[in-house]
Amino acid sequence: MELTLYPFELKFRHTFTISRKSKDVQPLLVAELKQDGFSGLGETADNAYYNITVPGLMKAINAHRAFIESYRLETPEAFWEAMYPLLADNMFALCALDLAAHDLYARMLGKKLYEVWGLDPSHNPLTDYTIGIDTVENMVKKLQEFPWPIYKIKLGTKEDIAIITELRKHTTATFRVDANCAWGVEETLRNAAAFKELGVEFIEQPMPAADWEGMKKVYQASALPLIADESCIVEADVEKCRGYFHGINIKLTKCGGITPARRMIMQAKAFGMKVMTGSMNESTVGTSAVAHLLPYLDYVDMDGPLLLAEDVADGVEIRNGVIYYAKGNGTGALLHRAF
């Protein structure tokens, strides 16, 4: 195979704020794998919470360039198993390569990726659109600027109930709430009770990832379902979340790509848990890969390209929450000519 890496830094449509930080740009890395005249694209993102940077990602991948370029792809799963021992300490880097391998493999077969797996996309879930933390007035403006059937509202302030109460006055859309580890037990229970009356569907990661004792209490008494994010990073975490969360949010970048994500999905379903995939503000490259997992999912948060003011690729399109696959095979993602 031939490996090419493309680093990008894409501007957000609005300053993106969660309980931990704010940012105006999203650094991303696209990996391209070529073999036998076919090309596949994968993507990963930098993330300060996990100490991941694009230069670090490039260094990690380039350290194994000779092995990658001597490898002949037979299946993406076999490629992942070959790469895992080399990148076990950097799932973000492994994700970019795994997504590219899946895209390449499906294109070599002349199929869309979901067709390779024999899936039916006719009942895919809708994606939400994220409203970052801001003044209440600005959050209302963002709702009005982007009418949508489902919103994911970032919270973690002293006025969280007041924020949802005000937003509810301006839309009948479904709300999902993401606290990004910001609350404690009593605050979670209090907010869940109030939010249930305000049309909130579920709460994502209300408490710090390490507070398993607190999560057990919340799980047993919460008025709303609880979805793990920071508490569910890799495959081994799925079983840990059983009995503490009602579902899991799988981020391809965190778990190492599609290969482990599909195993996590099956394990969570076997436990009777809801399954969601989330966005790390990827461009259309990574988002197009996520789209092919939709037939497996209960919920999806794949609004990365909608939050960005610029993009680097064509591929999946999203209109009013509905995901439309690209015409091409594989994931359907194609870098713009300028890149």
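Small disclaimer: the values here were computed from a predicted structure and weren't measured.
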Colleague: Is any side-chain heavy atom of Ile153 less than 4.5 Å from a side-chain heavy atom of Leu167?
Modeller: yes

Colleague: When clusters are formed from ILVMFWY side-chain contacts under 4.5 Å, directly or step by step, what else is grouped with Leu126?
Modeller: Ile150, Val322, Tyr324

Colleague: Which pairs with one or both residues in residues 250-273 pass salt bridge (charged side-chain N to carboxylate O under 4.0 Å, His left out), sequence neighbours excluded?
Modeller: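 Of all non-adjacent pairs touching residues 250-273, those that pass salt bridge (charged side-chain N to carboxylate O under 4.0 Å, His left out) are Glu77-Arg262, Glu81-Arg263, Asp229-Lys251, Asp229-Lys254, Glu235-Arg263.
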
Colleague: Among all residues two or more places apart in sequence or in another chain, which pass the side chain to side chain donor-acceptor pair (under 3.5 Å) test with Glu9?
Modeller: none

Colleague: So, for Cys232 and Ala228, which heavy atoms are closest and what is the spacing to 0.1 Å?
Modeller: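 The answer is CB-CB, 4.0 Å.
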
Colleague: If I take atom CD1 from residue Ile133 and atom CG from residue Asn180, how far apart are they, to the nearest 0.5 angstrom?
Modeller: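 Between Ile133 CD1 and Asn180 CG, I get 7.5 Å after rounding to 0.5 Å.
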
Colleague: Would a line drawn from the ring center of Phe195 to the ring center of Phe175 be shorter than 6.0 Å?
Modeller: no

Colleague: Among Val316, Asp311, Leu41, find the one that has a side chain to side chain contact (heavy atoms under 4.5 Å, CB included) with Val285.
Modeller: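 Single side chain to side chain contact (heavy atoms under 4.5 Å, CB included) partner of Val285 among Val316, Asp311, Leu41: Leu41.
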
Colleague: What heavy-atom pair brings Glu310 and Lys11 nearest, and what distance separates the two atoms?
Modeller: OE2-N, 2.8 Å

Colleague: Counting only heavy atoms not in Lys141, do more than 12 fall under 6.0 Å of its NZ?
Modeller: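 No, not enclosed.
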
Colleague: Please list all pairs meeting salt bridge (charged side-chain N to carboxylate O under 4.0 Å, His left out) that have one or both residues in residues 63-72, counting only residues at least two apart or in different chains.
Modeller: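 Qualifying pairs, neighbours excluded: Asp36-Arg72, Arg65-Glu69.
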
Colleague: Under the side chain to side chain contact (heavy atoms under 4.5 Å, CB included) test against Leu294, which residue among Thr127, Leu119, Ile323 passes?
Modeller: Ile323

Colleague: Find out if a path of hydrophobic residues (ILVMFWY) with successive side-chain heavy-atom gaps under 4.5 Å connects Tyr71 to Trp80.
Modeller: yes

Colleague: Just by distance, do the side chain of Gln35 and the backbone of Leu104 share a donor-acceptor pair under 3.5 Å?
Modeller: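 Side chain of Gln35 to backbone of Leu104: no pair is present.
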
Colleague: Looking at Asp178 and Lys154, would you say the former's side chain and the latter's main chain have a donor-acceptor pair under 3.5 Å?
Modeller: no

Colleague: Judged by atom type as modelled, is there a donor-acceptor pair below 3.5 Å linking the side chain of Thr171 to the main-chain atoms of Arg168?
Modeller: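 No, the answer is negative, given that no donor and acceptor are paired below the 3.5 Å cut-off.
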
Colleague: Scan for salt bridge (charged side-chain N to carboxylate O under 4.0 Å, His left out) pairs involving residues 109-132, sequence neighbours excluded, and state none if there are none.
Modeller: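 For residues 109-132, and leaving out neighbouring residues, the salt bridge (charged side-chain N to carboxylate O under 4.0 Å, His left out) pairs sorted by first residue read Asp128-Arg176.
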
Colleague: If every non-hydrogen atom of Thr331 is compared with every non-hydrogen atom of Ala289, which pair is closest and at what distance?
Modeller: CG2-CA, 3.9 Å

Colleague: Counting only heavy atoms not in Lys23, do more than 12 fall under 6.0 Å of its NZ?
Modeller: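 Atom NZ in Lys23 is crowded, with more than 12 foreign heavy atoms closer than 6.0 Å.
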
Colleague: Determine the interplanar angle of the His102 and Trp117 rings, folded into 0 to 90°, and report it as parallel if under 30°, tilted if 30 to 60°, perpendicular if over 60°.
Modeller: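 Geometry flag for Trp117 against His102: perpendicular rings.
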
Colleague: What I'd like to find out is whether the side chain of Met91 reaches to under 4.5 Å of the side chain of Tyr50, using heavy atoms alone.
Modeller: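 With C-beta onward as the side chain, the pair stays apart.
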
Colleague: Would you please name every residue forming a side chain to side chain contact (heavy atoms under 4.5 Å, CB included) with Glu137, sequence neighbours left out?
Modeller: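 Glu137 satisfies side chain to side chain contact (heavy atoms under 4.5 Å, CB included) with Thr135 once adjacent residues are dropped.
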
Colleague: Parallel, tilted or perpendicular: which one describes the rings of Tyr6 and Phe8, with boundaries at 30° and 60°?
Modeller: parallel

Colleague: Would a 4.5 Å heavy-atom cut-off, applied to side chains only, mark Asn320 and Pro149 as touching?
Modeller: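 Yes, side chains in contact.
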
Colleague: With rounding to the nearest 0.5 angstrom, report the CG to CG distance, Leu308 to Leu306.
Modeller: 8.5 Å

Colleague: Backbone N or O of Gly132 within a donor-acceptor pair of the Thr130 side chain at under 3.5 Å?
Modeller: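 No, the answer is negative, given that no donor and acceptor are paired below the 3.5 Å cut-off.
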
Colleague: Answer whether the closest heavy-atom distance between the side chains of Thr53 and Pro27 falls below 4.5 Å.
Modeller: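 Thr53 vs Pro27: side chains apart.
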
Colleague: Among all residues two or more places apart in sequence or in another chain, which pass the side chain to side chain contact (heavy atoms under 4.5 Å, CB included) test with Ala96?
Modeller: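 Partners of Ala96 by the side chain to side chain contact (heavy atoms under 4.5 Å, CB included) criterion, ordered by chain and then number, come out as Ala31, Thr44.
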
Colleague: A side-chain contact here means heavy atoms from C-beta on lying under 4.5 Å apart; do Ile258 and Pro76 qualify?
Modeller: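 Side-chain contact under 4.5 Å: no.
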
Colleague: Find the distance between OG (Ser279) and CD (Gln26) and round it off to the nearest 0.5 Å.
Modeller: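 The OG atom of Ser279 sits 8.5 Å away from the CD atom of Gln26.
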
Colleague: Is Glu317 close to Pro305 at the side-chain level, that is, under 4.5 Å between some pair of heavy atoms?
Modeller: no

Colleague: Establish, from distance only, whether the side-chain atoms of Asp160 and Trp183 form a donor-acceptor pair under 3.5 Å.
Modeller: yes

Colleague: Looking at Glu213 and Lys216, is there a salt bridge between them, counting it only when a charged N and a carboxylate O are closer than 4.0 Å?
Modeller: no

Colleague: Only pairs at least two apart or in different chains count here, so list each salt bridge (charged side-chain N to carboxylate O under 4.0 Å, His left out) that has a residue in residues 44-55.
Modeller: none

Colleague: Between Leu28 and Val54, does the side chain to side chain contact (heavy atoms under 4.5 Å, CB included) criterion hold? Intermediate values first, please.
Modeller: CA-CA 7 Å; Leu28 299 163; Val54 167; 5.7 Å; no

Colleague: What about Val185 and Leu226, same hydrophobic cluster or not, with Ile/Leu/Val/Met/Phe/Trp/Tyr joined at side-chain heavy-atom distances under 4.5 Å?
Modeller: yes

Colleague: Measure the spacing between CD of Glu159 and OG1 of Thr165 and express it to the nearest 0.5 Å.
Modeller: 10.5 Å

Colleague: Indicate if Val30 and Leu334 have the same hydrophobic cluster label, given that clusters are the connected sets of ILVMFWY residues with side-chain heavy-atom separations under 4.5 angstrom.
Modeller: no

Colleague: What's the separation between atom OG1 in Thr277 and atom CE in Met264, rounded to the nearest 0.5 Å?
Modeller: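 One gets 11.0 Å once the value is rounded to the nearest 0.5 Å.
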
Colleague: Taking Ile265's backbone N and O only, do any of them form a donor-acceptor pair with Tyr296's side chain (distance below 3.5 Å, no angle check)?
Modeller: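 Checking the backbone N and O of Ile265 against the side chain of Tyr296, no donor-acceptor pair under 3.5 Å is found.
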
Colleague: Tracing side-chain links under 4.5 Å among I, L, V, M, F, W and Y, which residues wind up in one group with Ile227?
Modeller: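 So far as hydrophobic clustering goes, Ile227 is joined with Phe202, Met276, Tyr299.
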
Colleague: Does Ile163 belong to the same Ile/Leu/Val/Met/Phe/Trp/Tyr cluster as Phe146, with side-chain heavy atoms less than 4.5 Å apart forming each link?
Modeller: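 Shared cluster, yes.
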
Colleague: Measure across Asp89 and Leu86 and return the closest heavy-atom pair with its distance rounded to 0.1 Å.
Modeller: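 Scanning both residues completely, I find the closest heavy atoms to be OD1-O, 4.4 Å.
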
Colleague: Under the rule for ring-ring contact (aromatic ring centres under 6.0 Å, His included), what residues qualify as partners of Tyr114, not counting sequence neighbours?
Modeller: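 Partners of Tyr114 under the ring-ring contact (aromatic ring centres under 6.0 Å, His included) test: His292, Tyr325.
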
Colleague: Can you tell me how far NZ of Lys59 sits from CG of Leu5, rounded to the nearest 0.5 angstrom?
Modeller: 15.0 Å

Colleague: Taking a hydrophobic cluster as the set of Ile, Leu, Val, Met, Phe, Trp and Tyr residues connected by side-chain heavy atoms closer than 4.5 Å, whether directly or through intermediates, do Val312 and Val25 fall within one such cluster?
Modeller: no

Colleague: Residues in salt bridge (charged side-chain N to carboxylate O under 4.0 Å, His left out) with Asp103, at least two apart?
Modeller: Arg107

Colleague: Check side chain to side chain donor-acceptor pair (under 3.5 Å) between Ser39 and all other residues, then give those that pass, not counting sequence neighbours.
Modeller: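 For Ser39, the residues satisfying side chain to side chain donor-acceptor pair (under 3.5 Å) (neighbours in sequence not counted) are Glu32.
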
Colleague: Pair Leu252, Glu282 - check side chain to side chain contact (heavy atoms under 4.5 Å, CB included), show working.
Modeller: CA-CA 11 Å; Leu252 301 187; Glu282 295 95 336; 5.5 Å; no

Colleague: Donor-acceptor pair, distance only, cut-off 3.5 Å: does the side chain of Asn62 make one with the backbone of Met58?
Modeller: yes

Colleague: Would you say that Leu155 contacts Ile164 through its side chain, given a criterion of any heavy-atom pair below 4.5 Å between the two side chains?
Modeller: yes

Colleague: Say whether, by atom type as modelled, one donor and one acceptor occur between the side chain of Trp212 and the main chain of Tyr244 under 3.5 angstrom.
Modeller: no

Colleague: If you look at every heavy atom in Val238 and Met273, which pair is closest and at what distance?
Modeller: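 Heavy atoms only, the tightest pair is O-SD, 4.4 Å.
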
Colleague: Where do Ile61 and Ala93 come nearest, in terms of heavy atoms and distance?
Modeller: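 Taking every non-hydrogen atom into account, CG1-CB, 3.8 Å.
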
